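What follows is a short report on a single structure.
Order of the sequence lines fixes the chain letters, A, B, ..., with proteins taken first and strands second; residue numbering starts at 1 for each chain. In what follows, every heavy atom counts, from backbone to side chain, and hydrogens, waters and symmetry copies are set aside. Keep in mind it's a predicted model, so treat the numbers as computed, not measured.
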Amino acid sequence: MAFGNQFLTEPALFPARCAGLPAGEARLAVELPGGPYLLEGLSAGQHAALARRYGERCSSPAAGARGTELRVFRADPSEFVTIDRRGWTNRFDFEYHERSVHVAGSQTMARISWQPRLAAALWTALDAGGEFLEAFENCFRVLSAYRLLELGGAILHSSCVVSEGVAWVFLGPSGAGKTTIARLALASGRAVLSDDINALRATDSAALVEKMPFAGELGPTNERVGPFPVAALARIEQAARDSWRPLSTAAAVAAVLGCAPFVNGDPYRLPVLMDNLESLVRGIPTGVLEFSLGGAPWPVLEAATA
Amino acid sequence: MIDDRAVLERAADVRFRAVDDETVVIRQEAAEALVLNEVAGRILELVDGRRTVGEIIDRLFEEFDAPRDALAEDVCAYLRELVAAGLVLGA
C-alpha cells in the first residue's frame, strides 16, 4: 500500500516543509532521552495533556532555550481517514527521503527533517486527550530515535533491568520474553526501566541506557530513569536452563540492528546507525541469554559480564 | 533453477556491511537482520543483477583456494539459501 493511504485522505498533499498554522501559542520543554525537546505551537489543551503525561520532566522554556524542536500545527479533520478504533493497535507509515522522514498515523502527519538541524513538525486536528498524546508520541518516538542517532546511540525495542547500579539490556522480537524477564527481575528485587523501549547512547567513557516513557505489557514500573552504564546486551531466548553464549561482533550488530526501530528501515541513515551499533557492541559484552521461566539468570549474567 | 547462465539480483530493501570476517545483512522492510559467513557475504555482494552465476563462480575461484567444481556446488547452494531468505530474487 502506498505511503499514507491508510491514514490520509490526500497523501499526495503531505506537507512539503515544516510550516503551517500553529495549534496555539503555548510552549513546553521536556527532558527525555536525547533532550531537552522544545515543544512549540501547542494549544492550551495540548499543553495540559503533555504536562500531565510528562509531569516533572516538563518545564517552561526560557527565552533562547536550546533543544530539539517539535512544532505542532493545526490540521483539518477532513485531511485524515476516519479509522474504526475498535481493537485498534497503534501503527503508522513511513516514507524515507534523503533530507526528511515522513510519518502518517491515525489523525497524524509528521515530518522529521534536518534543515538546518534535526527538528520535527506535527500536524493534527486533535486538541487534547489520549488521542492527541498518541499522535504526539508517534511523532516523538521517531524524533527521539533520530536524536539518539545523532548522539552515537539508538533507541531499542528492549527490556532493561538495573542491578547494583548497572544495566542489562535484553533484546528480542515480540514474544521472546522481554516482559517475562522484566517480571523475573522485579520478583528478584531488581529495578526495571522499560520492558518495551529504552535509549542507548555512547559517551567518551561508557555506553549509557535511559528509560523511555513507553512501557510494554508490564505497564509503568518505577521512577528510575537513569542513565545507567550498560553492563551487557543480551539477545534473549527461553530455554530449559539458564546459559550465556557470547556473540561475534557481526552477530551482535545484527541482534541490536533488528531491534532499532524506525532508523533500521531508513536507507539514508542506516550507515550511521550501523556505525553507532558496531562501536557500541565492541565496548559491551553482547551474547545470547537462554533463560528458564523457573530459573534465575542473574548469576549467569553476572559471571558472563564480570 | 540456478545455473551458470542465471542472472540474479538482490532484493531492493537489502543492505549489508562486512564486520570482521562476517557480513551483517538487513532486510529493511521487514527489519530483519542476520549474519552471513565470509563466502555467503561475498556472494551477496557479487549478486548485482548483471553478473551471471558462472561469472560469480569464476570470481570466487580467483579469490578462494578451492576446487572449481566444489566451489560451484557451494555457490549454488548458498544462492538457494539467499533466495529462500528473501535476500536474492529467484531466477
Taking all non-hydrogen atoms of both residues into account, name the closest pair between [X] and [Y] and its distance.
{"X": "A:M274", "Y": "B:V24", "answer": "CE-CG1, 3.8 Å"}
{"X": "B:V35", "Y": "A:A250", "answer": "CG2-O, 3.5 Å"}
{"X": "B:A33", "Y": "A:A254", "answer": "CB-O, 3.3 Å"}
{"X": "A:P267", "Y": "B:R15", "answer": "CB-NH2, 3.4 Å"}
{"X": "B:I26", "Y": "A:N264", "answer": "CD1-O, 3.6 Å"}

Exercise for the section: Find out whether A:R282 and B:D20 are in side-chain contact, i.e. whether some heavy atom of one side chain is under 4.5 Å from a heavy atom of the other. Expected result: yes
Taking atom [atom1] as the centre, does [X] end up with more than 12 heavy-atom neighbours from other residues, nucleotides or ligands that are less than 6.0 angstrom away?
{"X": "B:R5", "atom1": "CZ", "answer": "no"}
{"X": "B:D69", "atom1": "CG", "answer": "no"}
{"X": "A:R241", "atom1": "CZ", "answer": "no"}
{"X": "B:E73", "atom1": "CD", "answer": "no"}

Exercise for the section: Please answer whether the main-chain N or O of A:G265 pairs with a side-chain N or O of B:E29 as donor and acceptor at a distance below 3.5 Å. Expected result: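 No; judged by distance alone, with no hydrogens or angles, the pair does not exist.
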Problem - Check: A:P271 main-chain N/O paired with B:R17 side-chain donor or acceptor under 3.5 Å - result: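 Between the backbone of A:P271 and the side chain of B:R17 there is a qualifying donor-acceptor contact (under 3.5 Å).
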